[in-house]
Asker: 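Structure in structure tokens, see below.
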Protein chains: 2
Amino acid sequence: MKASDKAYAALRRDIVSWALPPGSVLGEVEQAERLGVSRTPLREALSRLAADGLAVSQRGRGVVVSDVSLDHVDDLFSLRRALEVEAARSAARTGSPAVFNELARRFDAAARTLSAAAERDGYYSLAGELDAAIEDAASNAYLAQALQGLRVHLARLRRLSHDAPARLRASAREHAQIARAVASGDPGLASAATLLHLHNSLEHIKSHALPKEASA
Amino acid sequence: MKASDKAYAALRRDIVSWALPPGSVLGEVEQAERLGVSRTPLREALSRLAADGLAVSQRGRGVVVSDVSLDHVDDLFSLRRALEVEAARSAARTGSPAVFNELARRFDAAARTLSAAAERDGYYSLAGELDAAIEDAASNAYLAQALQGLRVHLARLRRLSHDAPARLRASAREHAQIARAVASGDPGLASAATLLHLHNSLEHIKSHALPKEASA
DNA sequence: CTCAACCATTATGTATACATAGATCCCGAA
DNA sequence: TTCGGGATCTATGTATACATAATGGTTGAG
């Protein structure tokens, strides 16, 4: 593995997990020493992070982890809506019904059994599988790239919202609906199910915001 | 101006203008000497180009200018539709009617006077103003970034299609419609006008494709 | 006491040197 | 003549050294 890839992966993981919170200055020498690489590959990693929007390079002051707060959540979900609705429409046209019916079945099971917060990560993983399946069925490289860029920011935003078990169960039901709509091959239905889920998700985030963790 | 910025701008211009056609290998030493910079800033430029999707780094063989052909045009317009429709909807809500009515007036004038192919660049510039105005009115940084990334590919695609004066005039009328719809403040109308324009634009590209210039 | 200017320190931007890996070409053997 | 193996060469990946610009602190003057 290239040293620049290693540095990029490590920094990205630290940023998404809030080990490097927004506003952290990413000094080249400091981070190069911490990650055990030279400044050259680290600079390449910083470039990629800036391209992703996870970091912004301030003139002279180096690179800092980009800010993220609930102020941006409306804009972010605006873009998310546009992209995921389009992806769901495309997937409904070309996706394999068997694949999405199977996913729907697993979401149904999750909706019944989800209780402890410990199962949260497993559910996120399942939701990720549906996203990947839709992205794969849509088979649009440009759309896929845009979605990938978006999901990084969404993952970072996740830490700002409570995900109570009740919401997770509701979310599972909505995901099952999306999967079934895609399996049915009806683009309008898939679009509507996605729209509904995103609306509920955004409403939940905005009404259950953590009080004061959006600071830089 | 930083050397890396200079290299990035030059390479991006050459790629979009097809001075570096798809498939061109961007050797680090060769390009560094051509642009009069060292390998270090040139590598940063190549990274940014790869992030933009204008170049792809092949394992071992270095970086080559990414392929573009009419095979991708459907996928590209799928994403374009999703993004620009969303942008038009947002702009209709918050945009200043005066700004967009003025733009509509200029498009009307262009639709009347456009004749020679020499005025083509001027018209593209006007269309760019409308895009910028919509992007500005939408005031969504995430959406704007996605649109910027998309427009580079669209500019590159432009060379694969004939833009006859008749199509330019029709396009001007459609753009005027979009501007008026945004000025009216009706998101649904703005969405519809955008959808219609993109549909016509895509149809024109696919039916007036250049015979065989899509090669790598 | 406060403000401004200058100096020092530090971090970024760039260049070059070195290592390594892969690709191509050539030679030999079947 | 063709296929395979090896060597050489070239390009990428990395590290380090140097230059430059910015920032912060300190000192002096008003």
Side-chain angles (χ1 to χ4, degrees), chain A residues 1-15 18-68 145 148 215-216, chain B residues 1-15 18-68 145 148 215-216:
Chain A
M1 179 187 255
K2 292 193 296 184
S4 59
D5 293 340
K6 172 185 169 188
Y8 172 74
L11 284 173
R12 177 171 160 150
R13 180 172 40 78
D14 290 344
I15 292 175
W18 287 63
L20 290 170
S24 305
V25 289
L26 301 174
E28 295 183 1
V29 193
E30 176 191 356
Q31 296 300 321
E33 287 181 358
R34 184 173 75 90
L35 301 174
V37 298
S38 173
R39 274 185 61 215
T40 305
L42 186 112
R43 279 178 68 87
E44 184 179 329
L46 291 181
S47 287
R48 293 172 64 182
L49 290 172
D52 292 341
L54 290 179
V56 290
S57 75
Q58 294 187 3
R59 164 82 181 179
R61 287 183 193 171
V63 176
V64 300
V65 177
S66 66
D67 194 21
V68 58
Q145 187 181 355
Q148 291 295 344
S215 66
Chain B
M1 178 189 254
K2 292 195 296 184
S4 59
D5 293 341
K6 172 185 167 188
Y8 172 74
L11 285 173
R12 176 171 162 151
R13 181 173 40 77
D14 290 343
I15 293 175
W18 287 63
L20 290 171
S24 305
V25 290
L26 301 174
E28 294 183 0
V29 191
E30 175 192 353
Q31 296 300 322
E33 288 181 357
R34 183 173 76 91
L35 301 175
V37 298
S38 175
R39 275 184 60 212
T40 305
L42 186 112
R43 279 178 69 87
E44 183 179 330
L46 291 181
S47 289
R48 293 172 65 181
L49 290 172
D52 292 340
L54 290 179
V56 290
S57 75
Q58 294 187 1
R59 164 84 180 183
R61 286 184 193 171
V63 176
V64 300
V65 177
S66 66
D67 194 21
V68 57
Q145 188 181 355
Q148 292 294 345
S215 64

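Small disclaimer: the values here were computed from a predicted structure and weren't measured. In the text below, chain A, chain B and the rest are named by the order of the sequence lines, each starting its count at 1.
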Asker: Using a strict 4.0 Å threshold on nitrogen-to-oxygen distance, state whether B/D5 and B/R48 make a salt bridge.
Answerer: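 Yes, this pair counts.
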
Asker: Please give me the minimum heavy-atom distance between A/L26 and A/A55, naming the atom from each residue.
Answerer: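 Looks like CD1-CB, 4.4 Å.
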
Asker: State which residues pass salt bridge (Lys or Arg N to Asp or Glu O under 4.0 Å) with B/R34; sequence neighbours excluded, sorted by chain then number.
Answerer: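 B/R34 satisfies salt bridge (Lys or Arg N to Asp or Glu O under 4.0 Å) with B/D14 once adjacent residues are dropped.
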
Asker: How does protein reach along nucleotides 14-20 of chain D, written 5' to 3' as B (base within reach of a heavy atom under 4.0 Å), S (only sugar-phosphate), or - (no contact)?
Answerer: BBBB---

Asker: Could you tell me whether the side chain of A/E28 and the main chain of A/V63 form a donor-acceptor pair under 3.5 Å?
Answerer: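 No.
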
Asker: Using whole Å, what does the distance between atom C1' of nucleotide C/dG13 and atom OH of B/Y8 come to?
Answerer: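 After rounding, the reported distance stands at 19 Å.
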
Asker: I'd like to know if the side chain of B/S4 and the backbone of B/P41 have a donor-acceptor N/O pair within less than 3.5 Å.
Answerer: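 Side chain of B/S4 to backbone of B/P41: no pair is present.
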
Asker: Compare all side-chain heavy atoms of A/Q31 with those of A/L46 and state whether any distance is below 4.5 angstrom.
Answerer: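 Answer no - side chains too far apart.
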
Asker: How many Å lie between CD on B/Q58 and P on C/dG22, as a whole number?
Answerer: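 Nearest whole value for this atom pair: 15 Å.
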
Asker: Using whole Å, report how far CD of A/E33 lies from C1' of C/dT12.
Answerer: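 The answer, rounded to whole Å, is 15 Å.
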
Asker: Between C/dG13 atom P and B/K6 atom NZ, what is the distance in whole Å?
Answerer: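 My rounded result for the distance is 17 Å.
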
